[in-house]
Amino acid sequence: MTTTWPDTRIPAPDGPTAREHLRRIAAAARGARSPWLTDIEKAVEACEKDGCLQPGNPPQRGRPPEPRRHGNAILAARLHAGDRPDWDKCLAALRHGEPPQEQTRKARA
């Protein structure tokens, strides 16, 4: 995945950019004074830097999945951060990273 990911429009071809979705998620969490705010901000920052967080506790930085799954995860997080916020599901959707390439190769060896 390239660093241009957050500029990809989701849903394509006319939706807001991924970066806009991510910023709206962070803004919604701040506005709601979500108890998960710090975790959500970390996940948004990681995603914008192509180091999307992996599931688990504590979450580890990974890499974005293929573009369709990546976009779907951001849209799901945005949905959960919408009119009736469900921050548990929002945060779960934001943790959509995959293990770094090096870890994947070692696991197969």
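In this text, all values refer to a predicted model and were calculated from it rather than measured experimentally.
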Going by salt bridge (charged side-chain N to carboxylate O under 4.0 Å, His left out), name the residues that satisfy it together with E41, two or more places apart in sequence or in a different chain. R30

Spacing of CZ belonging to R19 relative to SG belonging to C47, to within rounding of 0.5 Å: 10.0 Å

Electrostatic pair R78-E20, nearest N-O below 4.0 angstrom: no

Holding to side-chain hydrogen bond (donor to acceptor under 3.5 Å, both in side chains), I want the full list of residues that pass it with Q60, two or more places apart in sequence or in another chain. none

Indicate if L37 and I25 have the same hydrophobic cluster label, given that clusters are the connected sets of ILVMFWY residues with side-chain heavy-atom separations under 4.5 angstrom. no

Scanning both residues in full, the closest heavy-atom pair of P55 with G97 reads CD-O, 3.8 Å

List the atom pairs, donor and acceptor, that lie under 3.5 Å between side-chain atoms in residues 84-96 and the rest of the protein, sequence neighbours left out.
from	atom 1	to	atom 2	distance (Å)
D86	OD1	K89	N	3.4
H96	ND1	A93	O	2.9
H96	ND1	L94	O	3.3
H96	NE2	H70	NE2	3.3

Restricting to side-chain hydrogen bond (donor to acceptor under 3.5 Å, both in side chains), what partner residues turn up for R24, sequence neighbours left out? none

Going by side-chain hydrogen bond (donor to acceptor under 3.5 Å, both in side chains), name the residues that satisfy it together with R9, two or more places apart in sequence or in a different chain. none

Output all residues satisfying side-chain hydrogen bond (donor to acceptor under 3.5 Å, both in side chains) with H80, sequence neighbours left out; order by chain, then residue number. none

Hey, what do you get for CG (L22) to OG1 (T17), rounding to the nearest 0.5 Å? 8.0 Å

Flag side-chain contact, heavy atom, 4.5 Å: S34 against I40: yes

Could you check if a side-chain atom of P99 sits within less than 4.5 angstrom of a side-chain atom of Q54, using non-hydrogen atoms only? yes

Test applied, side chain to side chain contact (heavy atoms under 4.5 Å, CB included); reference residue, H21; option that passes from L79, I74, V44: I74

Working for side chain to side chain contact (heavy atoms under 4.5 Å, CB included), residues R63 and D50: CA-CA 6 Å; R63 61 187 170 90; D50 284 342; over 6 Å; no

